[in-house]
Amino acid sequence: METEAPMRLTIRRPDDWHVHLRDGAMLNAVAPYTARQFARAIVMPNLVPPVTTAEAAAAYRERIIAATGADFEPLMTCYLADDAAPDELARGHAEGVWVAAKLYPAHATTNSAHGVTDVRNIYPALEAMQRIGMPLLVHGEVTDPEVDIFDREAVFIERTMTGLVRDFAELKIVFEHITTAEAAQFVADAGPLVGATITPQHLHINRNAIFAGGINPHAYCLPVAKREQHRLAIRAAAVSGSPKFFLGTDSAPHAIDRKEAACGCAGIFNAPYALESYVAVFEEEGALDRFEAFASENGPRFYGLPFNEGTVTLEQTAVQVPERIGDVVPFHAGETLRWSLVG
Ligand code: DOR
Ligand code: ZN
């Protein structure tokens, strides 16, 4: 009897265009998972205190490389505050420390208290970034408590994103972790300098997952998962073949006691099985041939960075995701995924 070898998919080494690697013991615990899957990653600056100077970013980069080994390249970002200095951004970019800068509306999410209170306050910084070709990464949610939490992304498009794109026509803008049909449409309709990252969780779950059988803090992240129609729109965008959409996990680990708490933190730790999670979606959508562009080509092309050398291989062999990794519950905990990263 012949047994067929499992199907394999080999793609150029991918990158993660949005990840939270944390610091200290958590950094050492989680960063190797990202480095196992990805060659490079855009590292979010929402530490305590936030990474606002080139010196702090350079030191953080060294701590990351100490945790991952030198085969992984962290791409550092500047946390934009109301007083973001155009000269400091330009200097850090010229020195090769900053790859991009992140706009968190103040109080939109974890450690965003020092974020931007009015986007007009950072117009001088954005003018400098536009001039030097430094991308702006946007957490696209309004913080107005009057706005329903499930509408905060769509309202952000009307109140802020449309104006940003109009006023900075030459600025590269990444609409991070899009979760709505409105955001997918906005990005698709915008010019080539507007792109978006898409997380595994927003491809797999809708808002029911947060409440399935009781409140489930491990399905809670920001932007929060939306209705099914939005999940389907995000899936369609990811597999569309459009170069505007690329992989960004938003892996955001919190220790179990910070999640399973009266006021649980937002964030899903998806780094350990990120490629396995994404590839399942492309398979289900009959779009395996478009996975490599999403994972390994669209991001570097948007950022103007070289493609990675080398490849990774996924095999159609089932893998069981553990209930816990250290003191963090991973995305897909206890589930069986159909593909495994084998090399
Ligand atoms: O769910 C989230 N967690 N969304 C964010 O925007 C931040 C992140 C974190 O740092 O925990
Ligand atoms: Zn994030």
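We count ligands from 1, going down the list as the structure has it; atoms in each ligand are counted the same way.
The local environment of CD in E170 is sparse, with at most 12 non-hydrogen atoms from other residues, nucleotides or ligands closer than 6.0 Å.
Taking atom 5 (C) of ligand 1 as the reference point, the nearest protein heavy-atom neighbour is T109 OG1, 2.9 Å. Atom 3 (N) of ligand 1 has A266 O, 3.0 Å as its closest protein atom, hydrogens excluded (heavy atom only). In terms of protein heavy-atom proximity, atom 4 (N) of ligand 1 is nearest to L222 O, 2.8 Å.
Using a distance-only test at 3.5 Å, with no hydrogens or angles considered, a donor-acceptor pair links the side chain of D82 to the main chain of T117.
Only one option out of F282, F246, F245 pairs with F294 in a ring pair (Phe, Tyr, Trp, His ring centres under 6.0 Å); it is F282.
The aromatic rings of Y33 and F269 stand perpendicular to each other, their planes meeting at an angle above 60°, with 30° marking the opposite boundary. Ring orientation note: the planes of F175 and F186 are nearly perpendicular, at an angle over 60° on the 30°/60° scale.
Two residues are said to be in side-chain contact when any heavy atoms from C-beta on lie closer than 4.5 Å; L247 and T249 meet this criterion. Looking at V48 and D23, their side chains never come closer than 4.5 Å, going by heavy atoms from C-beta outward.
Taking R36 as the reference, nothing meets the salt bridge (charged side-chain N to carboxylate O under 4.0 Å, His left out) condition, with sequence neighbours excluded.
A distance of 12.5 Å separates CG of N206 from CD1 of I234, quoted to the nearest 0.5 Å.
Below 4.0 Å from some heavy atom of C221 lie the following atoms of ligand 1, by number and element: 1 (O). Every atom of ligand 1 with a heavy atom of H139 under 4.0 Å away is listed here by number and element: 6 (O). Ligand 1 places these atoms under 4.0 Å from at least one heavy atom of A252: 3 (N), 8 (C), 9 (C), 11 (O).
Taking the Zn ion (ligand 2) as the apex, the angle formed with NE2 of H20 and NE2 of H18 is 110°, to the nearest 10 degrees.
The atom name of the N/O/S atom in D250 closest to the Zn ion (ligand 2) is OD1.
Only the side chain of N46 comes within 4.0 Å of ligand 1, judged by heavy-atom distances.
For ligand 1, the polar-atom distance check finds an N/O of G267 within less than 3.5 Å of one of the ligand's N/O atoms. Here's the thing with H254: one of its N/O atoms is less than 3.5 angstrom from an N/O atom of ligand 1.
The residue among Q201, K102, R22 with a heavy atom at the shortest distance from atom 11 (O) of ligand 1 is R22.
Checking H177 against the Zn ion (ligand 2), every N/O/S atom stays at or beyond the 2.8 Å cut-off. Taking 2.8 Å as the criterion, E176 does not count as a coordinating residue of the Zn ion (ligand 2), since none of its N, O or S atoms falls below it.
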